[in-house]
J.: 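Let me begin by handing over the structure; questions about it come next.
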Amino acid sequence: MLAVTVLSHNLCTVMKIPHDPVALEEHFKDDDRGPLSNQGYMPYLNRFILDKVREDFDVLEFNKMCWTLCYKKNVCTKHLLITDDDAFKVWAIFNFLSEDKYPLLIIIEEIEYFLRKLLETMGSEWSEDKFADYKLQLNTKNCLTAWELIELVGMGYFSKGMNQQTLSLGINEVFQELILDVLKQGYMMKRGHKRKNWTERWFVLRPNSLSYYVCEDLVEKKGNIILDQNCCVESLPDKDGKKCLFIIKCINKSFEISASDKKKKQEWIQAIQTCIQLLRLGLLSPHREARLRRRELRKRQHAEEEDLVEMMKQLTAANEQKQRQLEAMRKKMEEAAAKEAFEENRRKKTQSDLQDRYRLDLEREKMVRRQVGQQVAQKSSELEQYLQRVRELEDMYHRLEEALEDERQTRQDEEAMRKLQSRLLEEESTKRLELEQIHLQQQRALSQTEVEKQELVAERLAKERELHTATLQLERLEEERKGALEQYEEVSRKLERAANKTKTWKDKVAKHEGLVRLIQPGHKGPQTITNWGPASFTDTELEMRKKAWQERKNQGAQAQ
């Protein structure tokens with residue numbers, strides 16, 4: 001309990017909060033689990049200390065106190081390239097860049113931001129490949145604790161080739177920029193208000209002030225220029241032997257400052273104008289604003305990723321629904337195709353049955369007609385015989401009575417036969433009409449089937465013609481390509497032969513003609529000069545050699 005009391009008192013002292021020991025004892029009097037449990041001390045810390053914090057306490061002193069309490073049991077800098085002070089600064093940077101949730105962790109994006117700024121400060125180049133390898137080593141963790149970050153910086157994994165002093169200077173500069181809000185610092189000349197003399201000072205620019213010291217160790221502070229939204233900075237022309245002048249105008253005072261060169265002057269003016277603009281907008285320091293923007297960007301990206309995952313799930317569900325619908329449609333199409341095939345088979349069977357029935361009826365009709373014809377022929381023959389007999393009996397009238405009676409009976413039978421024949425003819429006509437109607441129905445069914453068959457055949461023939469046309473075009477193109485290739489090879493061979501002939505001809509010309517040249521006689525008198533040397537031949541021998549050479553040349557040209 002004493003340790004908790006001392007810790008709470010120190011925190012209140014550093015953060016400029018009045019300490020209330022009675023509240024501490026009152027908070028822990030009924031705590032059975034002990035005062036050092038998170039459930040016991042953290043509510044007290046939030047309620048009685050952190051909720052009362054104001055912005056005017058020294059953050060650096062607070063960080064140093066917290067560092068003193070925890071660093072000895074968590075990190076040892078003996079095997080590292082950095083000192084305890086550098087480790088403290090890395091720890092403070094970690095607290096600044098870590099996420100706002102307990103336990104504190106720094107994610108991979110903020111690690112990259114810190115390492116890039118550190119290497120940029122040390123004048124080293126950033127290696128994307130090395131950082132990608134390091135991310136692979138982290139696997140799915142993608143975050144570090146404060147002690148792991150100190151170990152990473154102290155081992156020099158990203159600062160190989162840098163000595164300890166350079167690394168320390170880089171860490172100090174990043175610490176001043178991020179933790180102490182030092183936006184810019186450097187030596188400049190300042191004009192005094194009373195003596196009006198120019199004195200060199202070390203200036204340090206923060207979001208709401210421009211302080212100046214005797215030197216860069218920041219031990220002796222000479223003054224402080226408070227910046228607010230009413231301040232302004234302007235460039236001044238050179239005067240009194242001073243160059244690169246600018247002035248900072250505040251409500252009560254104005255400060256004339258001289259930079260070392262024009263570039264430094266412009267940089268300082270721009271930095272001070274940026275601070276004034278941020279104050280007018282009511283914004284924090286640039287680094288804190290950048291940290292908030294990065295966090296908001298990560299939140300938006302996380303929300304977009306969640307929306308994308310949800311959208312992917314919806315798309316997957318919709319895709320599955322579409323697949324099920326397509327499967328149902330495919331089954332319906334298969335069922336419709338099966339039903340259509342069944343109807344087609346049944347129609348073909350019905351058509352075949354009708355054709356068989358029509359053929360049987362037609363054969364039956366032909367048989368009946370044949371039988372009726374035979375009967376008619378037979379009756380005709382009998383009638384002819386009867387008429388012949390009547391003619392024979394006319395001469396014997398006296399014996400005709402009995403014959404007439406037979407004849408009368410025969411005529412009655414004939415009349416009955418004729419009535420029978422007429423009835424048979426009417427039945428035949430009725431049957432023929434029925435068969436004609438059945439035949440017409442069959443013809444219509446056959447015509448419809450034939451039309452559908454012709455359409456299918458026409459479509460198949462059109463596709464076959466298109467395929468045949470495409471095949472012919474492909475074969476023609478292949479033949480043209482082969483012909484072009486053969487022509488190219490033939491032209492190449494001709495060019496090669498021509499080149500060989502040209503080379504041979506040039507060699508012969510160089511051998512027989514290029515070396516022959518006529519040289520005019522000099523001042524020493526007439527002398528015959530040939531390719532074989534001076535005065536080697538007489539003029540007659542030279543003419544003979546020229547003729548022989550001309551003949552060989554003509555023979556070679558004819559041979560080519």
Side-chain angles (χ1 to χ4, degrees), residues 97-116 126 128-145 148 289-354 444-475 477-478:
L97 297 177
S98 61
E99 299 298 302
D100 292 336
K101 57 184 178 179
Y102 188 81
L104 295 181
L105 294 171
I106 182 170
I107 62 174
I108 194 68
E109 290 83 0
E110 297 296 335
I111 296 173
E112 181 179 0
Y113 172 78
F114 168 59
L115 293 176
R116 280 179 179 272
W126 175 255
E128 291 287 352
D129 296 337
K130 185 180 291 187
F131 190 72
D133 294 339
Y134 179 70
K135 286 198 293 186
L136 291 176
Q137 295 176 8
L138 290 178
N139 295 327
T140 58
K141 186 178 178 182
N142 285 335
C143 57
L144 295 177
T145 62
E148 290 173 341
E289 289 293 332
R291 182 187 62 178
L292 293 176
R293 286 196 298 271
R294 291 197 301 272
R295 290 183 178 178
E296 291 176 357
L297 179 61
R298 285 198 295 272
K299 289 181 180 179
R300 288 198 299 270
Q301 290 177 351
H302 184 66
E304 290 175 357
E305 290 176 357
E306 290 180 351
D307 294 341
L308 182 61
V309 170
E310 184 64 25
M311 188 181 298
M312 290 299 295
K313 290 181 180 178
Q314 294 177 0
L315 291 175
T316 303
N319 189 20
E320 292 177 354
Q321 182 66 21
K322 291 291 184 182
Q323 292 293 336
R324 287 193 294 269
Q325 293 178 0
L326 290 174
E327 185 67 20
M329 291 177 63
R330 185 181 63 80
K331 290 182 179 179
K332 288 181 180 179
M333 291 178 65
E334 291 178 353
E335 292 176 357
K339 185 176 180 181
E340 184 179 357
F342 176 74
E343 293 292 337
E344 180 69 17
N345 293 331
R346 188 175 65 179
R347 187 176 60 80
K348 289 182 179 179
K349 185 177 181 182
T350 303
Q351 181 180 355
S352 177
D353 293 342
L354 289 174
R444 284 195 293 272
L446 289 172
S447 299
Q448 185 177 359
T449 305
E450 188 65 22
V451 168
E452 294 177 355
K453 182 178 179 181
Q454 288 178 359
E455 291 178 354
L456 292 174
V457 169
E459 185 177 358
R460 182 178 60 82
L461 291 175
K463 290 183 178 180
E464 289 179 355
R465 285 195 298 272
E466 292 177 357
L467 179 61
H468 182 66
T469 303
T471 305
L472 291 177
Q473 291 179 357
L474 183 60
E475 292 176 354
L477 290 174
E478 184 66 22

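As the structure is a computational prediction, the values presented were derived from the model and not from experiment.
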J.: Between R298 and Q301, do the side chains contain an N or O donor and an N or O acceptor separated by less than 3.5 Å?
T.: no
J.: So, do F131 and I108 sit near enough that their side-chain heavy atoms are less than 4.5 Å apart?
T.: yes
J.: Would you check if the side chain of S352 reaches a backbone N or O of K348 as a donor-acceptor pair within less than 3.5 Å?
T.: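 Checking the backbone N and O of K348 against the side chain of S352, no donor-acceptor pair under 3.5 Å is found.
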J.: Closest approach of E148 and T145, non-hydrogen atoms and distance?
T.: OE1-N, 3.0 Å
J.: Indicate yes or no: does R300 engage E304 in a salt bridge with an N to O separation below 4.0 Å.
T.: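 No, this pair does not count.
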J.: Name the residue from K331, R330, K332 that meets the salt bridge (charged side-chain N to carboxylate O under 4.0 Å, His left out) definition with E334.
T.: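 Exactly one pass, corresponding to R330.
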J.: Kindly give the heavy-atom pair with the smallest separation between C143 and L105, and that separation in Å.
T.: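 So the two residues come closest at SG-CD1, 3.8 Å.
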J.: Going by salt bridge (charged side-chain N to carboxylate O under 4.0 Å, His left out), R294 matches just one of E110, E109, E112. Which one?
T.: E110
J.: Spell out, as yes or no, whether a donor-acceptor pair under 3.5 Å connects the side chain of N345 to the backbone of A341.
T.: yes
J.: Please determine whether salt bridge (Lys or Arg N to Asp or Glu O under 4.0 Å) holds for the pair K463 and E466, giving the CA-CA distance in whole Å, both sets of side-chain angles, and the decisive distance to 0.1 Å.
T.: CA-CA 5 Å; K463 290 183 178 180; E466 292 177 357; over 6 Å; no
J.: Taking atom types as modelled, is there a side-chain donor on H302 or E306 under 3.5 Å from an acceptor on the other?
T.: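 H302 vs E306: donor-acceptor pair found between side chains.
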J.: Whether E335 and K339 form a salt bridge (side-chain N of Lys/Arg under 4.0 Å from carboxylate O of Asp/Glu) is what I want to check.
T.: no
J.: Do L456 and E452 make a side-chain contact, defined as non-hydrogen atoms from C-beta onward lying under 4.5 Å apart?
T.: no
